[in-house]
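First the structure, in the form of structure tokens, and then the observations on it.
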Amino acid sequence: MSPKPLVVVGSVNADLVLPIERLPKPGETLAAASIETVPGGKGANQAAAAARAGYPTFFVGQFGRDDPNAGLLRGALLGCGVDLAHAAEVEGPCGTALILLQAGGENSIIIVGGANQAAWRLSDGVKALIAGAGAVLLQREIPEPVNVEVAKLAAAAGVPVILDAGGVEGPIDPSILPCLTLLSPNETELARLTGLPTDSEAQVQAAAEQLMAAGVRSVLVKLGADGSLLLPGPGQPPLRQAAIKAEQVVDTTGAGDCFTATYAVAVLEGKAPAEALRFASAAASICVQRKGAMPSLPARAEVDQLLAKQ
């Protein structure tokens, strides 16, 4: 039997990438070395990462009918092996992200929602797809009511729901929290969601426990170069995963998306949480060594090869 698919509901963007030495000061003009349009968006990145990792993956999102970049974005997702049978087209432009890529790989991002923030309607086909999924993966670059509707549909069908906290900075609708099998923020997002400090590992754990007290079943905190921390559930000890060292950090764009998606794939494949963390860490380590969000995502064979060397 084929495994039940991963269904990613979320955003797709055309990323306009400008390499710069540093961010400009107020009133200052800096020259960028180039400008490049590459496929991205948290939802599309995660769907592509899962498909590149070898897992059957559907992407449910919205492309702008009037945008010449729509063909580029569709082609990139299809090229990664993502099924777009349930993706929609709406009037207007696609989502766009302006990425200021600084020397050393750090980035600053400005997002224009476009089609991602247009009105959504979940078709009967999409609802059936969600109900029959192995898991549903969400982010926060589409309207919050859409995430709530999807999460409630999935939870009612007994389908695990994973929410990557990246995207909009506003509070999460509390009605979604009991539907979540896993919530995955980075430490900055965790601090914003809870109002608690996250400067130490003890503080990170305390903040994550607050989310679990609000109804989330487990929390996976992405800590960048410090790795990750998983609170697998009430009464279970936390699991700590060190980052797998990258030879050179070129671009961190999409690394968090890569991590969340490949963790989901590993869990769907039946890997234990500790093994799933290692798998996701290896994928993210490869991702940061390349430019671009979607173009940097590793193939399954690359991840397995890196893990074999550890």
Side-chain angles (χ1 to χ4, degrees), residues 42 45-46 49-50 53 101-102 104-109 137-140 162-169 172 180-214 216-233 236-267 271-290 293 296-298 303 306-307 310:
K42 295 192 71 63
N45 290 342
Q46 292 181 11
L101 177 60
Q102 300 161 60
E106 288 298 319
N107 59 66
S108 299
I109 303 174
L137 180 53
L138 303 169
Q139 320 77 36
R140 306 195 68 213
I162 300 168
L163 174 62
D164 186 303
V168 68
E169 294 190 1
I172 291 178
L180 299 182
T181 309
L182 178 73
L183 175 59
S184 183
N186 61 30
E187 67 267 48
T188 304
E189 293 157 354
L190 179 61
R192 189 186 305 133
L193 291 173
T194 62
L196 296 175
T198 56
D199 299 320
S200 68
E201 190 166 319
Q203 290 176 338
V204 167
Q205 184 171 334
E209 287 171 348
Q210 178 174 296
L211 291 174
M212 292 171 67
V216 178
R217 267 175 270 177
S218 57
V219 179
L220 173 55
V221 186
K222 299 180 285 280
L223 301 170
D226 292 326
S228 57
L229 178 70
L230 173 66
L231 276 68
Q236 300 180 57
L239 293 173
R240 187 72 167 84
Q241 172 65 48
I244 294 178
K245 187 173 176 58
E247 292 181 11
Q248 181 185 14
V249 177
V250 173
D251 184 358
T252 59
T253 309
D257 296 331
C258 178
F259 183 92
T260 305
T262 50
Y263 178 81
V265 166
V267 170
K271 291 180 171 58
E275 189 181 359
L277 288 174
R278 288 186 68 250
F279 184 81
S281 297
S285 176
I286 296 168
C287 180
V288 300
Q289 298 181 63
R290 303 168 175 168
S296 68
L297 299 170
V303 182
L306 177 58
L307 285 171
Q310 299 300 306

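The figures here come from the full heavy-atom set of this structure, side chains too, leaving out hydrogens, waters and symmetry mates.
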How close do [X] and [Y] get, heavy atom to heavy atom, and via which atoms?
| X | Y | answer |
| --- | --- | --- |
| A206 | L196 | O-CD1, 4.3 Å |
| A284 | A255 | CB-O, 4.1 Å |
| G256 | K222 | O-CD, 3.8 Å |
| P298 | A283 | CG-O, 3.6 Å |
| A49 | A261 | CB-CB, 3.8 Å |
| A208 | L231 | CB-CD2, 3.8 Å |

Between [X] and [Y] (side chain of the first, backbone of the second, donor and acceptor by atom type, cut-off under 3.5 Å), is there such a pair?
| X | Y | answer |
| --- | --- | --- |
| S228 | V221 | no |
| E189 | N186 | yes |
| Q203 | D199 | yes |

Euclidean distance, [Y] [atom2] relative to [X] [atom1], rounded to 0.5 Å:
| X | Y | atom1 | atom2 | value |
| --- | --- | --- | --- | --- |
| I172 | L211 | CD1 | CG | 7.0 Å |
| L297 | T262 | CG | OG1 | 9.0 Å |
| S218 | L230 | OG | CG | 6.0 Å |
| N45 | T253 | CG | OG1 | 9.0 Å |
| C287 | D251 | SG | CG | 8.0 Å |
| Q241 | L229 | CD | CG | 11.0 Å |

For the residue pair [X] and [Y], establish whether any side-chain heavy-atom pair is separated by less than 4.5 Å.
| X | Y | value |
| --- | --- | --- |
| N107 | T252 | yes |
| E247 | Q289 | yes |
| L190 | V204 | yes |
| L163 | R140 | yes |
| R217 | L182 | no |
| P273 | Y263 | yes |

Checking side-chain polar atoms at under 3.5 Å, does [X] have a donor or acceptor matched by the opposite partner on [Y]?
| X | Y | answer |
| --- | --- | --- |
| S285 | K245 | no |
| D164 | T260 | yes |
| Q139 | Q46 | yes |

### Message
Does L183 form a side-chain contact (heavy atoms from CB on, under 4.5 Å) with I162? I'd like the steps, not just the answer.
### Response
CA-CA 6 Å; L183 175 59; I162 300 168; over 6 Å; no

### Query
Any chance CD of Q310 has more than 12 other-residue heavy atoms, nucleotides or ligands included, within less than 6.0 Å?
yes

### Query
Does atom CD of Q236 have more than 12 heavy-atom neighbours from other groups under 6.0 Å away?
yes

### Query
Passes side-chain contact (heavy atoms from CB on, under 4.5 Å), R290 versus V250? Steps please.
CA-CA 6 Å; R290 303 168 175 168; V250 173; 5.9 Å; no

### Query
Any Lys/Arg nitrogen of E201 or R240 sitting under 4.0 Å from an Asp/Glu carboxylate oxygen of the other?
yes

